[in-house]
Amino acid sequence: MQLSEYARFDALGLAQLVAQGEVSPRELAATALAAIEALNPQLNAVVETYADRIDGLDEAQLGAGPFRGVPCLIKDVFGHEAGRRIEFGSRLCRGMVAPQDTHYAELLRASGVNLLGRSNAPEYSMAGTTENALYGNTSTPWRPGHSAGGSTGGGAAAVAAGLVPIAHGSDIAGSIRIPASWCGGVGLKPSRGRISFGPMLDENGYGLSTNFVQTRSVRDTAAMLDCLAVPQPGDPFVIPQPALPYAQLATQAPPRLRIALTTAPLMGLPVDEGVAAAVRDTGALLAALGHHVEEATPQFDGLALLRQMMDIWFFGFDARIALYSSRTGRTPGPDTLEPAVLAIWEHACRMTPAQFQAAMAGLNTARRTLGRFIAPYDLWLTPTTTRTAEPWGRYNLGRALPYETIAETLYRPIAQFTLPHNVMGTPAISLPLALHADGLPIGVQLGAHPAQEHLLLQVAAQLEAARPWAQRLPPLHASRLGTPAP
């Protein structure tokens, strides 16, 4: 298969070729490797490939799901496979091997994908940009030297550049949606509890985090949600499932919906006018499609909430580092942890249960406030990020920062519109609906009530049909290999 052909299919499109016998999974794996070898030196999205799943692929071992044979990457974070390296982008964990599968990995393999490598992520996925001291920085395929976002920047960049059509993502404050915005992809954060975190964890980040995927089409997102939203024995709770598969529901027109539109800052930082204009234009399009759209902004202290979230995210981080240290024989310090992570670890060592309890109380208050705001609406329309992709070095963990400044310096500029959905446990999706005058993609975010992923997918499919993005390709894209750039 030619790269120019391979890179223009979404995941289900490639799976259909496999099902029809037009291409083999091994051939797809070889083509994906060729794309990685050609573009990864510029992107740095992939940190490891698995030879046994490329040249040595045993096709009989692939799952029988709807994505059979489709190349996929797994993120260097929770979601790992037994016997494979899992390093969390950290020098402390260099060479560490996962002792057992997660349910996520089991379900992902059952979907039929061929997990043929590992994607880059910031250290412990603690940044909204994918830059780390272990493997280096990942570029958006739209502009070398500009961030792919984080923490799923490696997966998002690989999908947007056509290296693979689908990749593992995880999201605790926007880590699926932010890179989708900066790379021009589709990024859904499912509802809290929709995807199992077992068996080692009940929840991650005290319910703020979830696993899913990065894609380039709404139909891939819907079909993979059917594969991964499968409750597992012992899950702490199971949320309502729709009566029909998501893949089927996504093809149905939604009812007329009430939509709140917000472009006013939620944490005090203004929104770039080009980004705000794209959100307003999306609102006008949704109104033309028959929905009711009105401007509304929640009233809450977003920056105070962010600071409280940090005390939730990082409570117990010292115990986690102690575990990894015992497994690798390395000591936490300046040679094994990046400066901002070292400050976070030192803070975690000092934290008290009272601080954690206060943060949890603040989380509850914010959740109630935000819940009352969205109660009259079916969807909430906002920017995904306040700005388009920014140069490396602005939000990375490699700078020595006092802990007290990290929330405002590293997280507020990126996560002010994404974090509320982690707080509420609500599903939210970033869609690549516009290009900025600077030539970079703009992500527009839609959020819904808990367990309402089907509404998001239906409206996303409406928008994809009205403003298709499949042919809007970045300069670094596998389909351009071997042919002159336009």
Side-chain angles (χ1 to χ4, degrees), residues 46-48 50 52-53 61-65 67 70-90 93 95-126 151-152 154-156 158 164 166-172 175-176 187-215 221 224-239 313 316-317 319-321 323-324 327-328 422 425:
V46 183
V47 299
E48 182 182 11
Y50 305 146
D52 61 309
R53 290 187 177 156
Q61 298 300 310
L62 292 171
F67 294 93
V70 174
C72 182
L73 298 171
I74 196 160
K75 182 179 177 181
D76 191 21
V77 72
F78 290 119
H80 38 266
E81 293 187 280
R84 303 281 181 185
R85 279 189 289 179
I86 176 71
E87 297 168 311
F88 299 101
S90 178
C93 297
M96 196 167 71
V97 173
Q100 67 182 111
D101 278 344
T102 59
H103 290 322
Y104 176 87
E106 294 167 346
L107 292 165
L108 193 60
R109 289 196 304 264
S111 78
V113 298
N114 178 18
L115 287 171
L116 51 72
R118 189 162 47 110
S119 64
N120 203 12
E123 190 165 41
Y124 303 109
S125 288
M126 286 181 170
S151 60
T152 317
V164 295
I166 195 164
H168 170 211
S170 63
D171 191 310
I172 197 170
S175 289
I176 286 174
L188 171 70
K189 180 199 82 71
S191 298
R192 176 179 179 176
R194 179 67 75 198
I195 312 294
S196 175
F197 250 112
M200 289 83 82
L201 301 172
D202 53 2
E203 298 180 294
N204 189 30
Y206 302 95
L208 294 164
S209 182
T210 187
N211 276 313
F212 195 50
V213 290
Q214 311 285 154
T215 75
T221 299
M224 187 54 83
L225 192 57
D226 285 321
C227 295
L228 299 181
V230 181
Q232 298 297 299
D235 282 352
F237 56 88
V238 175
I239 65 175
W313 294 334
F317 182 58
R320 181 179 168 193
I321 290 298
L323 173 64
Y324 298 155
R327 289 174 61 183
T328 65
N422 300 82

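Everything numeric in this text was worked out from a predicted model, so none of it was measured. Numbering starts at 1 and runs along the sequence shown.
- Within the 4.5 Å cutoff, no side-chain heavy atoms of M224 are placed close to those of T215.
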Exercise for the section: Assess whether side chain to side chain contact (heavy atoms under 4.5 Å, CB included) is satisfied between E81 and L115, documenting all intermediate values. Expected result: CA-CA 10 Å; E81 293 187 280; L115 287 171; 3.8 Å; yes
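- With rounding to the nearest 0.5 Å, the separation of OG in S170 from CZ in F197 is 6.5 Å.
- Annotation: the span from C93 atom SG to R327 atom CZ amounts to 8.0 Å, rounded to 0.5 Å.
- Rounding to the nearest 0.5 Å gives a distance of 14.0 Å between SG of C227 and CZ of R109.
- Remark: the backbone N or O of R194 is not paired with any side-chain donor or acceptor of S191 at under 3.5 angstrom.
- Summarising the geometry, atom CZ belonging to F237 is positioned 4.5 Å from atom CZ belonging to R192; distances are rounded to the nearest 0.5 Å.
- The SG atom of C72 sits 8.0 Å away from atom CG of L116, with the distance rounded to the nearest 0.5 Å.
- Both tests hold for R320 against F88: distance to the six-membered ring centre under 6.0 Å, angle to the ring axis within 45°.
- At a threshold of 4.5 Å between non-hydrogen side-chain atoms, the residues I74 and Y50 count as touching.
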Problem - Test side chain to side chain contact (heavy atoms under 4.5 Å, CB included) applied to L228 and L108, step by step - result: CA-CA 7 Å; L228 299 181; L108 193 60; 4.3 Å; yes
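- Closest of all the heavy-atom pairs between L188 and F212 is O-CD2, 3.4 Å.
- No donor-acceptor pair under 3.5 Å is formed between the side chain of D76 and the backbone N or O of A121.
- Judged purely by atom type and a 3.5 angstrom limit, D235 has no side-chain atom pairing as donor or acceptor with the backbone of G193.
- Salt-bridge formation is not detected for the pair R84/E48: no Lys NZ or Arg NE/NH1/NH2 atom is positioned less than 4.0 Å from an Asp or Glu carboxylate oxygen.
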Practice task
Test K75 against S125 for side chain to side chain contact (heavy atoms under 4.5 Å, CB included), laying out the working first.
Solution key: CA-CA 10 Å; K75 182 179 177 181; S125 288; 3.5 Å; yes
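- Nearest heavy-atom pair, S90 versus Y124, reported as atom, atom and distance to 0.1 Å: OG-OH, 3.0 Å.
- When atom types are taken as modelled, the side chain of N120 and the backbone of V47 share no donor-acceptor pair closer than 3.5 angstrom.
- Residue K189 comes nearest to N422 through the heavy atom pair CD-ND2, 3.5 Å, listed as atom of the first residue, atom of the second, then distance.
- Between I172 atom CD1 and Y206 atom OH the span is 10.0 Å, to the nearest 0.5 Å.
- At distances below 3.5 Å, not a single donor-acceptor pair connects side-chain atoms of T210 with backbone N or O atoms of D171.
- Of all the heavy atoms in S196 and H103, the pair that sits closest is OG-CD2, 3.6 Å.
- Panel note: side chain D101, backbone A82; a donor-acceptor pair is recorded below 3.5 Å.
- Nearest heavy atom pair, residue G154 against residue S119, reads C-CB, 3.8 Å.
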Exercise for the section: For the pair T102 and F78, evaluate side chain to side chain contact (heavy atoms under 4.5 Å, CB included) and give the outcome as yes or no after the intermediate values. Expected result: CA-CA 8 Å; T102 59; F78 290 119; 5.8 Å; no
